[in-house]
Amino acid sequence: QVQLVESGGGLVQAGGSLSVSCAASGRTFSAYAMGWFRQAPGKEREAVATISRNSGSTYYADSVKGRFTISRDNAKNTVYLQMNSLKPEDTAVYYCAASSYLPIPTRTMYYDYWGQGTQVTVSS
């Protein structure tokens, strides 16, 4: 079992920045690829960014490329998502998730563990 706890969400104005974190406990954090997903009201949960076990490979959704950065610190069992130049359409609940699958998936069905989510609201 892996327990994931997100933190750092909140309210920010358009154009601003926000960083969210996800702390993991339980099984070996470095054994899992990690992903950040988001779900807006009435929409499906979508992959925002993913990162490989050793940080050697990352993926970003087209909608966030150049604005968001995913990183991880295996010594601290934590994955981060730095969000810059935020837009109102980035408003959603953001979830972190852990996957044991390779190659790193972007579909939710391939993620084994999920956090409870943190709300990010971007005002116009």
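Residue indices begin at 1 and follow the sequence shown.
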Whether the side chain of Thr28 engages the backbone of Ser30 through a donor-acceptor N/O pair (distance < 3.5 Å, no angle test) should be reported.
no

Starting from the C-alpha separation in whole Å, work towards a yes-or-no answer on side chain to side chain contact (heavy atoms under 4.5 Å, CB included) for Val79 and Ile70.
CA-CA 7 Å; Val79 61; Ile70 188 171; 4.0 Å; yes

Closest approach of Ser85 and Ser17, non-hydrogen atoms and distance?
N-OG, 4.4 Å

Gln119 and Thr121: side-chain donor and acceptor closer than 3.5 Å?
yes

Would you confirm whether Ser52, through its side chain, and Ser57, through its main-chain N or O, come within 3.5 Å as a donor-acceptor pair?
yes

Thr91 side-chain N/O to Val122 backbone N/O, donor-acceptor pair under 3.5 Å
yes

Hphob cluster co-occupancy, Val64 + Tyr80, side-chain heavy atoms under 4.5 angstrom
no

Dump the intermediate steps for side chain to side chain contact (heavy atoms under 4.5 Å, CB included) on Gln3 and Ser25, then the final yes or no.
CA-CA 5 Å; Gln3 292 78 41; Ser25 61; 3.3 Å; yes

Could you tell me how the ring of Tyr32 sits relative to the ring of Tyr113: parallel (under 30°), tilted (30 to 60°) or perpendicular (over 60°)?
perpendicular

Looking only at side-chain N and O atoms, does Thr78 offer a donor or acceptor that is under 3.5 Å from a partner on Asp73?
no

Indicate if Val48 and Ile104 have the same hydrophobic cluster label, given that clusters are the connected sets of ILVMFWY residues with side-chain heavy-atom separations under 4.5 angstrom.
no

Taking atom OH of Tyr59 as the centre, report whether more than 12 heavy atoms of other residues, nucleotides or ligands fall under 6.0 Å from it.
yes

Joint cluster assignment, Val20 & Met34, ILVMFWY side-chain distance < 4.5 Å:
yes

ring-ring contact (aromatic ring centres under 6.0 Å, His included) partner of Trp114, chosen from Tyr94, Phe37, Trp36:
Phe37

Only one of Gln39, Arg107, Arg38 forms a side chain to side chain donor-acceptor pair (under 3.5 Å) with Glu46, so which one is it?
Arg38

Between Lys65 and Asp62, does at least one N-O distance fall below 4.0 Å, as a salt bridge requires?
yes

